[in-house]
Amino acid sequence: MSGKDAGVKSGEDAGKDAKAGDARGRGAAARRITAVRTKGGLSLRLDARATFVGLLLLAVALAAGIALIGSGDYPMTPGEVMATLTGGGDAGQQFIVQDLRLPRVLVGLLVGAAFGIAGAVFQTVSRNPLGSPDVLGFAQGSSVGALVVIVYFQGGTFAVAAGAVVGGVVTGLAIFLLAWKRGIHGYRFVLVGIGASAMLYAMVLYLMTKANIVEATRATTWMTGSLNGRDWDQVWPLAAVCAVLVPVVLLYGRPLRMLEMGDDAAYALGVRVDRVRLVVLMAAVVLVASATAAAGPISFVALTAPQLARRLTRSPGPNLLPAALMGAVLLVAADWSSQRLFGADQLPVGVLTGVLGGGYLLWLLATERKAGRI
């Protein structure tokens with residue numbers, strides 16, 4: 001190649017690089033990604049749209065919680081609710097808010113957040129929008145654990161919750177072991193989870209046949225999923241679990257985002273793939289089991305929350321925090337709707353999320369089939 005040709009070639013390459021740089025710059029500017037650096041040397045990249053969506057979801061969740069606290073046979077305005085929460089109000093308002101309604105709302109927010117972030121983890125690891133605890137058998141495992149306690153030991157509320165946690169964790173360990181073959185891979189993980197879900201559902205039906213009428217009624221009520229009658233005994237254990245495990249999952253947000261590019265690319269970028277999968281999946285399993293223990297197996301929140309959050313943020317990656325906030329919004333809004341839209345015949349929140357989530361699942365399947373992904 002002559003010097004003249006080499007110069008022309010170099011000029012063309014430089015022009016292409018400049019154009020590519022301009023395109024990247026325009027893309028970054030369009031997304032408004034801001035780098036924040038602390039004095040300690042830590043850096044954080046903030047997507048303006050994702051940050052705005054997260055703040056909006058947080059505001060909506062808090063507003064829905066206040067509206068739910070003010071709903072019921074003794075209605076209260078948002079101003080009265082806020083005054084009571086900050087120490088005002090009369091003795092009757094204090095009792096209604098602090099002892100009856102606030103624990104229910106807090107359980108709803110925590111359960112929704114736990115399901116939302118766990119669903120985001122499962123869908124990211126499996127690389128499948130249908131990868132959800134509802135589909136993969138983890139909720140059914142918690143149901144089996146709770147039903148064993150109800151049918152064979154006639155346990156109380158705390159014992160049933162403990163049985164649900166143990167059942168969910170044991171199911172998670174069993175699915176991990178069956179799906180493990182030089183690591184956990186999404187396709188095999190989903191298949192094993194679907195098979196485990198079918199087997200566990202059969203066990204649920206068997207346990208129901210062994211129950212007497214009182215136990216069967218209690219088991220059916222628990223399996224529907226409801227926030228009725230929730231008090232501080234359900235709030236504190238779930239809050240402790242979320243306080244420990246949610247930050248752990250959020251710390252693995254960047255490695256999870258790299259896992260979406262494939263194992264080879266993640267390895268090349270220094271991600272310890274198997275360790276990341278194991279840590280986040282175990283954290284997600286405990287979150288799902290604890291949330292199920294607190295409110296029953298409320299369906300489809302873990303499936304829909306991550307997908308809706310991703311569509312709002314339009315950001316790649318697992319969108320862990322927006323998914324958690326979306327889950328909280330969905331569950332509290334569904335609970336408010338189940339109380340206000342059906343008159344005296346109040347529905348358990350699990351019935352409403354099941355109906356709406358089933359419709360969403362059909363739409364998602366149709367979308368994925370149209371796109372040629374299934």
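Computed over heavy atoms, backbone and side chain alike; hydrogens, waters and symmetry mates excluded. Count residues from 1 along the sequence.
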On a heavy-atom basis, the closest approach of S71 and A67 is OG-O, 2.8 Å
Is there a side-chain contact between M76 and I69, using heavy atoms and a 4.5 Å cut-off? no
What side-chain donor-acceptor pairs closer than 3.5 Å can you find for residues 147-169, not counting sequence neighbours?
unit_1: Q154; atom_1: NE2; unit_2: V151; atom_2: O; d: 2.8
unit_1: Q154; atom_1: NE2; unit_2: E215; atom_2: OE2; d: 2.8

Start with the C-alpha distance between Y201 and S143, add both sets of side-chain angles, then the distance that settles side chain to side chain contact (heavy atoms under 4.5 Å, CB included), and finish with yes or no. CA-CA 9 Å; Y201 181 69; S143 298; over 6 Å; no
Side chain T221, main chain T217, donor-acceptor under 3.5 Å: yes
Taking only distance into account, with no hydrogens and no angle test, what donor-acceptor pairs under 3.5 Å do side-chain atoms of residues 324-335 form with protein atoms, sequence neighbours excluded?
unit_1: D335; atom_1: OD1; unit_2: R104; atom_2: NH2; d: 2.8
unit_1: D335; atom_1: OD2; unit_2: R104; atom_2: NE; d: 2.9
unit_1: D335; atom_1: OD2; unit_2: R104; atom_2: NH2; d: 3.4

Decide if atom CE of M82 counts as having more than 12 heavy atoms of other residues, nucleotides or ligands within a radius under 6.0 Å. no
Connected via hydrophobic side-chain network under 4.5 Å: I194 and I175: yes
Give me the atom names and distance for the closest heavy-atom approach of G137 to Q140. CA-OE1, 3.2 Å
Should V276 and L320 be counted in the same cluster of Ile, Leu, Val, Met, Phe, Trp and Tyr side chains packed under 4.5 Å apart? yes
Verify the cluster assignment for V280 and L173: are they in a single hydrophobic cluster under the rule of side-chain heavy atoms below 4.5 Å apart? yes
Once rounded to the nearest 0.5 Å, what's the spacing between atom CG of L227 and atom CG of L109? 9.5 Å
Report all side-chain donor-acceptor pairs from residues 289-304 shorter than 3.5 Å, counting only partners two or more places apart or in another chain.
unit_1: S290; atom_1: OG; unit_2: V286; atom_2: O; d: 2.8
unit_1: T292; atom_1: OG1; unit_2: V288; atom_2: O; d: 2.7
unit_1: T304; atom_1: OG1; unit_2: F300; atom_2: O; d: 2.9

Please give me the minimum heavy-atom distance between A323 and A305, naming the atom from each residue. O-CB, 3.7 Å
Under 4.5 Å between any side-chain heavy atoms of Q339 and L68, yes or no? yes
I213 CD1: over 12 foreign heavy atoms closer than 6.0 Å: no
How long is the gap from OG on S142 to CE on M223, to the nearest 0.5 Å? 11.5 Å
Could you check whether any side-chain heavy atom of R49 comes within less than 4.5 Å of a side-chain heavy atom of T313, counting everything from C-beta outward? no
Do V125 and L250 share a hydrophobic cluster (ILVMFWY, side-chain heavy atoms under 4.5 Å, transitive)? yes
If you take all heavy atoms of P318 and G253, which pair is closest and at what distance? CG-O, 4.1 Å
Give the ring-plane orientation class for F138 versus F176, where under 30° counts as parallel, over 60° as perpendicular and anything between as tilted. tilted
Check side chain to side chain contact (heavy atoms under 4.5 Å, CB included) between R275 and all other residues, then give those that pass, not counting sequence neighbours. Y252, R272, V279
F115 side chain reached by P133 side chain, heavy atoms, under 4.5 Å: no
Closest heavy-atom pair and its distance - Q94, T84: NE2-O, 3.5 Å
Residue list, side chain to side chain contact (heavy atoms under 4.5 Å, CB included) with R310, at least two apart or on another chain: E260, N319
If you round to the nearest 0.5 Å, how far is CG of L57 from CG of L312? 6.5 Å
Nearest 0.5 Å, please: how far is CZ in R311 from CD in Q307? 5.0 Å
Is there a continuous path of hydrophobic side-chain contacts, each under 4.5 Å between heavy atoms, that joins F122 to L178? yes
Side chains of residues 232-249: which donor-acceptor pairs under 3.5 Å do they make with residues two or more places apart or in other chains?
unit_1: W232; atom_1: NE1; unit_2: Q98; atom_2: O; d: 3.0
unit_1: Q234; atom_1: OE1; unit_2: D231; atom_2: N; d: 2.9

Quick check: are there more than 12 heavy atoms from other residues, nucleotides or ligands sitting under 6.0 Å from CZ of R254? no
For the atom pair CG (L287) and CE (M282), what is the distance rounded to the nearest 0.5 Å? 11.0 Å
If you take all heavy atoms of P348 and G225, which pair is closest and at what distance? CB-O, 3.6 Å
CG on L251 to CG on L256, rounded to 0.5 Å: 11.0 Å
